[in-house]
Amino acid sequence: MSIDIDPPFLERTSLSLQHAALAVLDEVAMHPPDTGPSYCLTQQGLADVGDVATALAREVHDVADALDAFLAFARDVDGDVAWVFDVLLSGRLS
Amino acid sequence: MTIETLVAGDPAACDRSARELACLGEATDRATTSVARRSTISTADFGGLSGDSFRRHAGSLAESLSAESGRCHRLARAMGQLAHDLDRVAGLMEQARQTARARRLVVEGTTIVVPGAHADPDQHRAWRELRAVVAGIRELEARAQREWVAALARDTGTAPPARPAQSPARGGLPGLPAPANPSVVTPGPLSSRTPSGAPGLTGVTSPAGPASTPGAETVRHGHLTPAATMAAEPVAETTWAAELVGPHAEPWSPAGTPAYEEMLDEPA
């Protein structure tokens with residue numbers, strides 16, 4: 001049993017996701033501003049924004065990694081992914 | 001007694017932070033577009049259970065990224081507004097200090113010193129006017145902080161701890177809005193809050209009630225004390241005080257400000 005995949009297209013997809021994730025991670029580091037009496041709340045709020053953005057970017061990166069892993073198996077079977085690998089790897093992509 | 005005109009906070013740093021937030025928002029926007037486009041790849045390009053899992057996960061990630069991007073942009077706008085407001089407040093405080101110097105008041109750093117006993121009436125009058133004007137500027141500052149804290153609370157869930165508000169007129173930093181706390185006892189005469197028959201507290205009489213009690217108001221106005229006479233004098237408007245009227249400020253007058261109310265309460 002085999003499933004349809006387009007390895008070059010999925011490679012480009014993985015690269016594109018990695019770039020998007022890195023672009024977000026590049027912008028996450030923010031200088032804490034002196035906002036006066038709201039300083040502590042501001043630090044807390046900005047830390048929350050940074051944490052969520054980092055977590056999302058890492059998740060995008062993880063999906064790209066999972067796609068790479070999937071493609072590594074796909075290359076071995078020349079574009080056809082055996083059903084058992086599909087079942088095993090779908091868990092990593094979900 | 002002095003008038004403190006120091007403004008806490010760095011408008012330039014806030015502006016830089018607003019730009020950083022906007023950049024993060026743009027990067028997240030691009031990630032959203034990228035992930036959303038991949039969430040609709042066809043089954044011909046990526047079939048099977050893995051393809052379905054990928055599409056589902058990418059779709060959900062795109063939604064989260066989109067929400068995060070919106071949050072970054074909203075906070076960037078709010079932070080930019082705070083930077084603008086703090087800059088404006090600092091400029092108005094600088095004008096207040098310049099006015100104080102022009103009207104022969106002593107300014108030490110950011111503090112306008114109260115005229116001494118030998119100062120002439122014009123200096124006393126200038127000091128009283130500036131005190132009310134600075135209180136008005138403090139209100140703008142407090143409003144700017146409240147708006148920023150509200151934006152933070154909306155988008156990050158951070159909320160200030162409950163604490164008693166400080167009076168800006170007394171030189172303290174503007175108090176942040178304290179969340180309603182039903183457990184806080186409403187201030188009032190001590191006797192009314194003392195359980196009847198409590199040992200050691202029986203017979204404690206409260207001092208005169210707060211100045212806002214109707215009785216105190218009547219007595220104060222009935223006496224025509226020097227403070228009341230002083231308060232009855234119209235406070236001359238300065239030309240630059242008109243700048244207090246802006247997109248975020250209603251037409252402003254010293255009457256009704258905490259400093260003005262305090263001026264009513266204090267002896268001359």
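Below, read A as the first sequence line, B as the second, and so on, with proteins coming before strands; counting in each chain starts at 1. The figures that follow rest on heavy atoms only: side chains count, while hydrogens, waters and symmetry mates do not.
- Heavy-atom distances place no part of S60(B) under 4.5 Å from chain A, backbone and side chain included.
- Salt-bridge formation is not detected for the pair D45(B)/R12(A): no Lys NZ or Arg NE/NH1/NH2 atom is positioned less than 4.0 Å from an Asp or Glu carboxylate oxygen.
- Looking only at side-chain heavy atoms (C-beta outward), R71(B) and V52(A) come within less than 4.5 Å of each other.
- Of the listed residues T28(B), T43(B), D10(B), the one with more heavy-atom pairs under 4.5 angstrom with chain A than any other is D10(B).
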Which is it for Q44(A) and T158(B) under the side chain to side chain donor-acceptor pair (under 3.5 Å) test, yes or no, and what are the steps along the way? CA-CA 7 Å; Q44(A) 241 180 295; T158(B) 53; 5.8 Å; no
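- Atom-to-atom distance recorded for L56(A):CG and T32(B):OG1 is 8.5 Å, nearest 0.5 angstrom.
- In terms of heavy-atom pairs under 4.5 Å with chain B, the best-connected choice from L25(A), D26(A), V24(A) is V24(A).
- Considering CD of Q145(B) and OH of Y39(A), their distance stands at 13.5 Å, rounded to 0.5 Å.
- Contacts between L21(B) and chain A at a heavy-atom distance below 4.5 Å involve backbone atoms as well as side-chain atoms.
- Rounded to the nearest 0.5 angstrom, F9(A) CZ and S42(B) OG are separated by 7.0 Å.
- Side chains of E59(A) and H57(B) form a contact here, defined as non-hydrogen atoms less than 4.5 Å apart.
- E20(B) contributes a side-chain N or O that, together with a main-chain N or O of H31(A), makes up a donor-acceptor pair within less than 3.5 Å.
- Ranking A23(A), A29(A), G45(A) against chain B, the residue ahead of the rest is G45(A), based on heavy-atom pairs under 4.5 Å.
- Scanning for salt bridge (Lys or Arg N to Asp or Glu O under 4.0 Å) contacts around D155(B) gives R74(B), with sequence neighbours left out.
- Note that CG of L75(B) and CG of L46(A) are 7.5 Å apart. Values are rounded to the nearest 0.5 Å.
- Residues satisfying the salt bridge (Lys or Arg N to Asp or Glu O under 4.0 Å) test with R101(B), not counting sequence neighbours, are none.
- Only the side chain of L82(B) comes within less than 4.5 Å of a heavy atom in chain A; its backbone stays farther off.
- Counting heavy-atom pairs closer than 4.5 Å to chain A, the top-ranked of the candidates A83(B), G157(B), A44(B) is A44(B).
- Proximity to chain A is limited to the side chain of C72(B), based on heavy atoms less than 4.5 angstrom apart.
- Side chains of F46(B) and D6(A) form no contact here, defined as non-hydrogen atoms less than 4.5 Å apart.
- M79(B) has its side chain within reach of T42(A): a pair of non-hydrogen atoms, C-beta onward, lies under 4.5 Å apart.
- Atoms NE2 and OG, on H19(A) and S34(B) in that order, are 10.0 Å from each other to the nearest 0.5 Å.
- Interface remark: L24(B) contributes backbone and side-chain atoms alike to the contact with chain A (heavy atom separation under 4.5 Å).
- When all heavy atoms are compared, the tightest approach of P37(A) to A8(B) is CD-CB, 4.2 Å.
- Residues R38(B) and S16(A) meet the side-chain proximity criterion, which asks for heavy atoms closer than 4.5 Å.
- Contact annotation: the side chain of L10(A) never approaches that of F54(B) to less than 4.5 Å [non-hydrogen atoms, C-beta and beyond].
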